[in-house]
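Values reported hereafter were calculated over all heavy atoms of this structure, with side chains retained and with hydrogens, waters and symmetry mates removed.
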Amino acid sequence: MKRRFFLLALLPAACAQPNQAPPVTTAPPVEEPEQVFAPGPIAWDRLNEDQKRRAREAMRRLGYDTSSEEAVIRQWNALPPAKQRFAIRRPPPPPRPSTASRPASRPASRPATASPRPPAPPR
């Protein structure tokens with residue numbers, strides 16, 4: 001019973017901790033949600049400038065002709081809808097920096113050595 005009262009008496013002191021500074025939090029940058037398109041092909045006119053830039057870069061990586069705007073639009077319309085969506089997708093956000101240090105790597109364990117076996121008895 002004394003232990004219970006002692007722990008209850010320590011609880012407010014443990015929760016208060018006035019000497020600690022409040023944690024600093026940074027709000028993530030506010031981004032507009034990515035536009036979601038209906039199923040089917042995506043018209044070039046419906047893309048914003050960032051999506052058009054990503055589409056041109058993707059078609060350049062795939063080896064398509066990107067020398068003129070007409071060639072890009074013609075090849076964009078020939079792409080299947082899945083490739084169109086893949087080409088204009090927003091890249092994933094960068095990983096958050098870790099505040100806690102990583103645990104030290106364990107040293108490699110020594111390889112197990114085979115113990116010499118006694119010779120088998122003759123049969």
Side-chain angles (χ1 to χ4, degrees):
M1 196 68 172
K2 289 180 183 180
R3 175 191 255 178
R4 191 174 296 171
F5 286 125
F6 176 72
L7 291 175
L8 286 174
L10 285 180
L11 184 62
C15 292
Q17 298 179 359
N19 296 337
Q20 286 187 348
V24 177
T25 58
T26 57
V30 178
E31 293 183 10
E32 61 185 44
E34 192 168 6
Q35 183 180 3
V36 178
F37 293 97
I42 303 169
W44 183 260
D45 301 335
R46 293 192 55 206
L47 301 178
N48 61 30
E49 289 304 314
D50 191 37
Q51 290 170 333
K52 287 180 182 180
R53 179 189 54 79
R54 285 191 220 130
R56 282 189 203 98
E57 289 173 0
M59 288 194 287
R60 192 175 303 119
R61 282 192 308 267
L62 292 171
Y64 291 114
D65 177 29
T66 57
S67 59
S68 68
E69 187 71 16
E70 293 80 26
V72 170
I73 294 171
R74 185 175 55 250
Q75 291 168 354
W76 176 258
N77 292 331
L79 279 177
K83 281 192 178 182
Q84 288 179 343
R85 282 173 176 69
F86 186 76
I88 64 172
R89 79 192 190 290
R90 182 179 291 168
R96 290 185 175 178
S98 173
T99 56
S101 62
R102 296 182 130 194
S105 62
R106 288 186 2 199
S109 61
R110 295 190 339 214
T113 57
S115 61
R117 291 186 180 180
R123 292 186 173 194

Look only at the side chain of Arg85 and the backbone of Ala82, and say whether a donor-acceptor pair between them is shorter than 3.5 Å. no

I'd like to know if the side chain of Gln51 reaches the main chain of Asn48, judged simply by a donor and an acceptor atom lying under 3.5 Å from each other, with no hydrogens or angles considered. yes

So, for Gln75 and Asp65, which heavy atoms are closest and what is the spacing to 0.1 Å? OE1-O, 2.9 Å

So, for Ile88 and Arg54, which heavy atoms are closest and what is the spacing to 0.1 Å? O-NH1, 2.7 Å

Hey, quick one: are Tyr64 and Phe86 part of the same hydrophobic cluster, counting side-chain heavy atoms closer than 4.5 Å, chains of contacts allowed? no

Consider side-chain contact (heavy atoms from CB on, under 4.5 Å). Of Lys52, Gln84, Arg56, which one does Trp76 pass it with? Gln84

Below 4.0 angstrom, N of the basic side chain to O of the carboxylate: do Arg53 and Glu49 qualify? no

Donor-acceptor contacts under 3.5 Å from residues 39-46 side chains, at least two apart:
from, atom 1, to, atom 2, distance (Å)
Trp44, NE1, Glu69, OE2, 3.2

